[in-house]
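Take a look at the structure set out below.
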Amino acid sequence: MPWNIFPTKRPTFSKATLDMLILFLLILLFYGRPYLEFYRTSYGGDSLSLFVPAAYHYAHALYEGRIPLWDSYNWLGSPFLASFQSAVLYPPRLIELAMPTPWAGINVSIFLSLLWLTWGAYFFGLRALELEQSPALLMGIGMGCCGFVGGHTDHVNQLAAISWIPWVITEALLVVRRHPL
């Protein structure tokens with residue numbers, strides 16, 4: 001089968017929307033309880049010891065109207081803006097500021113990363129691999145609910161990076177198909 005940029009069997013908007021809704025409900029069922037409760041942490045670990053203090057520091061700096069360049073509370077002082085752990089310049093991080101508590105923001109961030117990963121795997125199957133909708137849906141379910149992803153939900157920055165992988169690979173494959181060497 002030759003690669004085709006525009007496959008003939010493309011889903012209708014309503015079918016893709018229905019599939020995305022199914023994936024959302026599945027992620028909500030699978031991960032919703034621990035990550036959508038606003039007044040508790042997911043289960044401790046890195047979220048509690050590393051990301052909640054960083055979220056407090058980030059929020060207080062922005063509420064005071066200053067850019068959080070330095071964290072004087074961590075390791076006798078360390079760069080905060082330049083640290084990849086703090087993710088100050090990552091745009092979805094601004095969603096955390098709208099939440100009532102820092103751990104609520106972290107939990108919502110984890111949930112949104114899981115949802116983005118699941119949708120990305122679904123569209124990777126549809127667009128890059130040119131699968132039918134059922135296998136692509138199964139691919140999204142398998143990616144979002146696999147043990148690797150479930151085991152890394154406490155690593156907020158790693159999960160955010162993992163969630164972009166199917167999107168980047170899909171677009172890279174489509175670019176290579178449009179402009180072969």
Side-chain angles (χ1 to χ4, degrees), residues 13 16-124 137 140-168:
F13 180 73
T17 305
L18 179 65
D19 288 346
M20 289 175 64
L21 181 64
I22 289 170
L23 290 171
F24 171 75
L25 292 174
L26 185 71
I27 293 297
L28 185 66
L29 178 70
F30 205 72
Y31 295 107
R33 183 176 169 129
Y35 294 114
L36 293 180
E37 292 183 5
F38 286 168
Y39 295 99
R40 69 181 208 100
T41 60
S42 57
Y43 56 86
D46 285 349
S47 289
L48 188 59
S49 64
L50 184 65
F51 295 112
V52 169
Y56 269 114
H57 183 66
Y58 178 58
H60 286 296
L62 290 183
Y63 291 145
E64 291 173 358
R66 61 182 174 84
I67 298 171
L69 299 174
W70 188 260
D71 183 5
S72 57
Y73 303 108
N74 199 6
W75 299 314
L76 297 173
S78 64
F80 192 73
L81 183 67
S83 172
F84 67 91
Q85 295 281 18
S86 59
V88 173
L89 300 176
Y90 185 55
R93 183 78 191 260
L94 294 174
I95 295 170
E96 294 178 17
L97 296 175
M99 296 296 134
T101 61
W103 50 83
I106 290 170
N107 287 344
V108 169
S109 176
I110 291 170
F111 183 80
L112 291 176
S113 292
L114 290 165
L115 188 62
W116 190 246
L117 173 70
T118 306
W119 285 349
Y122 170 70
F123 282 107
F124 174 74
L137 185 63
I141 292 168
M143 187 69 153
C145 300
C146 72
F148 175 78
V149 171
H152 281 281
T153 53
D154 195 38
H155 305 128
V156 181
N157 56 350
Q158 292 176 9
L159 185 63
I162 291 167
S163 70
W164 285 95
I165 290 173
W167 296 100
V168 170

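This structure is a prediction, so every number in the text was calculated from the model and none was measured.
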Looking at every heavy atom in both Ala55 and Ile106, which two are closest together, and how far apart are they? CB-CD1, 4.3 Å
Atom of Gly140, atom of Ala121 and distance for their closest heavy-atom approach: CA-CB, 3.9 Å
Can you check whether Phe148 reaches Ile162 side chain to side chain, under 4.5 Å on heavy atoms? yes
At their closest point, which heavy atom of Asp19 faces which heavy atom of Leu137, and how far apart are they? O-CD1, 3.7 Å
Could you give the distance from CG (Leu114) to CG (Leu26), rounded to the nearest 0.5 Å? 11.0 Å
With a 6.0 Å cut-off (strictly less than), is the heavy-atom count around CD1 of Ile67, excluding the residue itself, greater than 12? no
Answer with yes or no after comparing the ring centroid distance for Trp167 and Trp119 against a 6.0 Å cut-off, counting only values under it. no
So, His155 side chain and Ala160 main chain: donor-acceptor pair closer than 3.5 Å or not? no
Which distance, rounded to the nearest 0.5 Å, do you find between the CZ of Phe24 and the CZ of Phe111? 5.0 Å
From Ile22 CD1 over to Ile27 CD1, what is the distance, rounded to the nearest 0.5 angstrom? 13.0 Å
Between the main-chain N or O of Gly105 and the side-chain N or O of Ser109, is there a donor-acceptor pair closer than 3.5 Å? no
With a 4.5 Å cut-off on side-chain heavy atoms, are Pro92 and Leu112 touching? no
Just wondering, do Thr118 and Ile141 contact through their side chains at under 4.5 Å, heavy atoms? no
Minimal heavy-atom distance between Pro68 and Tyr58, with the atoms involved, is CG-CD1, 3.9 Å
Once rounded to the nearest 0.5 Å, what's the spacing between atom CG of Leu94 and atom CD of Glu96? 9.0 Å
Spacing of CZ belonging to Phe124 relative to CD1 belonging to Ile165, to within rounding of 0.5 Å: 11.0 Å
When rounded to the nearest 0.5 angstrom, what is the spacing between CG in Leu62 and NE2 in His57? 9.5 Å
Ignoring hydrogens, what is the shortest heavy-atom contact between Met143 and Val149? Give both atom names and the distance. O-CG2, 3.4 Å
Taking all heavy atoms of Tyr31 and all of Cys146, pick out the closest pair and write down the distance. OH-O, 4.3 Å
